[in-house]
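In what follows, chains carry the letters A, B, and so on, assigned in the order in which the sequence lines appear, proteins first and then strands, with residues in each chain numbered from 1.
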There are 2 protein chains.
Amino acid sequence: MTTAAKPTFPAPGHDHDRCTADAITHAEQICAGRAQNFTPIRRQVLRALLSSHRPLGAYEVIDELARVMPRLAPITVYRALDFLMQNGLVHRIESRNAFLACAHDHDDAAAVAFLICESCGSVGEIPAAPVAQALNEAARLTGFAPKLSVVEITGICAHCQAAGQSLSA
Amino acid sequence: MTTAAKPTFPAPGHDHDRCTADAITHAEQICAGRAQNFTPIRRQVLRALLSSHRPLGAYEVIDELARVMPRLAPITVYRALDFLMQNGLVHRIESRNAFLACAHDHDDAAAVAFLICESCGSVGEIPAAPVAQALNEAARLTGFAPKLSVVEITGICAHCQAAGQSLSA
DNA sequence: CGAAATTCATAAGCTAGCTTACCTTATCGC
DNA sequence: GCGATAAGGTAAGCTAGCTTATGAATTTCG
């Protein structure tokens with residue numbers, strides 16, 4: 001299992017092709033296992049999101065894909081994104097109105113927190129189950145019935161700290 | 001001090017005028033203490049946000065204010081919102097692209113989590129300091145330097161649970 | 001008085017997120 | 001073959017979030 005050993009933030013010089021291929025393979029397996037149709041368009045959209053470890057807006061996905069195929073209509077991309085999100089292959093980053101390919105193989109219901117690097121724009125995931133539980137507990141104490149948690153932390157990732165915040169301007 | 005005793009979600013029949021007046025007074029004090037200019041427009045924008053315990057989009061603020069004064073240009077509202085946020089009087093709800101008048105009197109740096117009711121749209125704040133610390137700790141373990149945390153939990157507030165999710169459609 | 005800073009007005013515009021509506025195509029089971 | 005479902009194409013549009021640019025009005029302060 002290589003997936004379990006992946007770092008939160010992939011190093012700048014990591015083998016990204018491998019990284020992408022793994023994620024695509026994983027998506028294929030998930031879809032096959034659920035009798036879901038992993039169509040070319042859905043594959044392409046996922047591939048576009050995988051082209052970086054940054055979240056992309058829907059229109060960025062369109063632009064990215066327009067480089068290798070006829071330009072997709074917004075609705076088409078949104079349909080594909082919906083599909084990918086429903087199958088846990090893509091996350092929506094609320095604070096950015098953007099979408100991130102899930103590089104990890106976690107449970108659908110697993111609570112994750114996103115670490116968003118201000119400098120390079122990369123986003124890492126960390127498991128947030130214990131924290132989410134504590135939060136939900138605190139919420140329940142007020143009589144609130146929590147359903148979905150959004151935990152997004154902005155800051156500077158380790159690689160950019162080392163590099164000296166190059167993109168900070 | 002009444003502010004400390006406020007419930008997370010104000011009851012449907014609470015004294016909202018009082019609630020608004022308190023917040024305005026609080027804003028005046030904050031601004032006076034910092035030699036910040038609490039101008040009529042800023043006051044009005046804050047008042048608009050205080051008209052409910054729901055977050056409002058910038059355009060909703062404009063619409064709300066248009067009922068009692070000449071329609072403001074977007075830029076004007078954004079300037080006022082920036083000011084109010086800088087002074088901790090208004091929060092931005094990232095997952096909604098909307099703004100919420102801060103009904104509580106917490107520290108600028110205090111970590112808060114937002115509880116967003118799916119049914120009535122109200123938003124409550126709960127202190128999230130311990131949880132935020134745990135999160136930041138987990139983040140730091142990966143080498144990430146956290147700056148700002150967004151914790152937004154959607155669900156159903158106590159009042160709506162009691163009322164039977166009336167607005168759920 | 002006059003220069004600088006703050007605040008706001010006015011006008012215009014861009015983007016991009018997201019939707020509605022309708023139609024074609026392909027697949028699959030009956 | 002045929003109806004049902006799923007996937008996608010096409011066209012158009014709306015909203016609303018946010019910005020750029022410029023100039024007037026007011027205040028501050030030396």
Side-chain angles (χ1 to χ4, degrees), chain A residues 27-28 30-32 34-49 54-66 68-87 89-100 121 150 152 169, chain B residues 27-28 30-32 34-49 54-66 68-87 89-100 121 150 152 169:
Chain A
E28 280 167 354
I30 291 285
C31 291
R34 298 182 184 183
Q36 295 279 304
N37 219 339
F38 194 52
T39 65
I41 285 194
R42 292 167 180 174
R43 169 183 268 106
Q44 291 282 56
V45 168
L46 180 58
R47 189 179 290 279
L49 289 178
R54 294 178 34 230
L56 298 185
Y59 278 62
E60 285 180 290
V61 171
I62 294 177
D63 291 344
E64 177 71 28
L65 287 183
V68 298
M69 63 190 293
R71 191 169 198 86
L72 294 180
I75 183 70
T76 304
V77 167
Y78 280 107
R79 283 195 278 234
L81 288 171
D82 281 346
F83 172 89
L84 295 168
M85 283 198 293
Q86 270 172 26
N87 289 283
L89 300 168
V90 161
H91 298 293
R92 190 194 156 105
I93 306 295
E94 298 291 343
S95 60
R96 301 277 166 120
N97 293 333
F99 303 87
L100 176 73
V150 171
E152 298 172 8
Chain B
E28 280 167 354
I30 292 285
C31 290
R34 298 182 185 181
Q36 295 280 304
N37 221 337
F38 194 52
T39 67
I41 285 195
R42 291 166 181 173
R43 168 181 269 107
Q44 292 281 54
V45 168
L46 180 58
R47 189 179 290 278
L49 289 178
R54 295 177 32 230
L56 298 184
Y59 277 62
E60 287 180 288
V61 171
I62 293 178
D63 290 343
E64 177 71 26
L65 287 182
V68 298
M69 64 191 292
R71 190 172 198 83
L72 294 179
I75 183 72
T76 304
V77 166
Y78 280 107
R79 283 193 281 235
L81 287 172
D82 282 346
F83 172 90
L84 294 169
M85 283 198 294
Q86 270 172 26
N87 288 283
L89 301 168
V90 161
H91 297 293
R92 192 195 154 104
I93 307 294
E94 298 291 344
S95 60
R96 302 274 167 121
N97 293 333
F99 304 87
L100 176 73
V150 172
E152 298 172 7

Name all residues meeting the salt bridge (Lys or Arg N to Asp or Glu O under 4.0 Å) criterion together with A:Arg54; count only those two or more places apart in sequence or in a different chain, and write none if there are none.
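Expected list: A:Glu60.
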
Could you pull out all residues at least two apart from A:Glu64 that satisfy salt bridge (Lys or Arg N to Asp or Glu O under 4.0 Å)?
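Partners of A:Glu64 under the salt bridge (Lys or Arg N to Asp or Glu O under 4.0 Å) test: A:Arg67.
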
Please compare B:Arg42 and B:Arg71 by the position of their nearest nucleotide in DNA chain C and report the one closer to 5'.
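Checking each residue's closest nucleotide, the 5'-ward one belongs to B:Arg42.
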
Measure the spacing between [atom1] of [X] and [atom2] of [Y] and express it to the nearest 0.5 Å.
X	Y	atom1	atom2	answer
B:Tyr78	B:Leu72	OH	CG	13.0 Å
A:Gln44	A:Thr76	CD	OG1	13.0 Å
B:Ser95	A:Asn97	OG	CG	9.5 Å

d([atom1], [X]; [atom2], [N]) in whole Å:
X	N	atom1	atom2	result
A:Phe38	D:dA7	CZ	C1'	15 Å
A:Leu65	D:dG8	CG	C1'	15 Å
A:Asn37	D:dT5	CG	C1'	12 Å
B:Gln36	C:dT7	CD	C1'	13 Å
A:Ile62	C:dC18	CD1	C1'	11 Å
B:Leu81	D:dT19	CG	P	11 Å
A:Arg43	D:dG8	CZ	C1'	17 Å
A:Met69	D:dG8	CE	C1'	11 Å

Under 4.0 Å, counting only non-hydrogen atoms across every strand here, what does B:Ile75 touch: a base, just sugar-phosphate, or nothing?
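Base contact.
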
Could you check A:Leu65 against A:Ile41 for side chain to side chain contact (heavy atoms under 4.5 Å, CB included), going step by step and ending with a plain yes or no?
CA-CA 10 Å; A:Leu65 287 183; A:Ile41 285 194; over 6 Å; no

Return the set of residues passing side-chain contact (heavy atoms from CB on, under 4.5 Å) with A:Asp63 (not counting sequence neighbours), or none when no residue passes.
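side-chain contact (heavy atoms from CB on, under 4.5 Å) check on A:Asp63 returns A:Arg71.
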
Partners meeting side-chain contact (heavy atoms from CB on, under 4.5 Å) with A:Asp82 (sequence neighbours left out)
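So A:Asp82 forms a side-chain contact (heavy atoms from CB on, under 4.5 Å) with A:Met85.
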
Identify all pairs in which a protein N or O lies below 3.5 Å from an N or O of nucleotides 25-30 of chain D, and state each distance.
none

For nucleotides 13-17 of chain C, give me every protein contact, N/O to N/O, under 3.5 Å, one pair per line with atom names.
{"from": "C:dG17", "atom 1": "OP2", "to": "A:Ala58", "atom 2": "N", "distance (Å)": "2.8"}
{"from": "C:dG17", "atom 1": "OP2", "to": "A:Tyr59", "atom 2": "N", "distance (Å)": "3.2"}
{"from": "C:dG17", "atom 1": "N7", "to": "A:Tyr59", "atom 2": "OH", "distance (Å)": "3.1"}

Quick check: any donor-acceptor pair below 3.5 Å linking the side-chain of A:Arg79 to the base of D:dG9?
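Counting by modelled atom types and ignoring angles, a donor-acceptor contact under 3.5 Å is found here.
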
Check whether any side-chain heavy atom of A:Phe83 lies under 4.5 Å from a side-chain heavy atom of A:Thr39, and answer yes or no.
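No. Closest side-chain heavy atoms not under 4.5 Å.
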
For C:dC8, take OP1 and OP2 only and decide whether either is under 4.0 Å from a side-chain N or O of B:Thr39.
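It does, given that an N or O in the side chain of B:Thr39 lies less than 4.0 Å from OP1 or OP2 of C:dC8.
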
For a quick test of reading the model: is some side-chain N or O of B:Thr76 closer than 4.0 Å to OP1 or OP2 of C:dC8?
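For B:Thr76, the contact criterion (side-chain N or O under 4.0 Å from OP1 or OP2 of C:dC8) is not met.
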
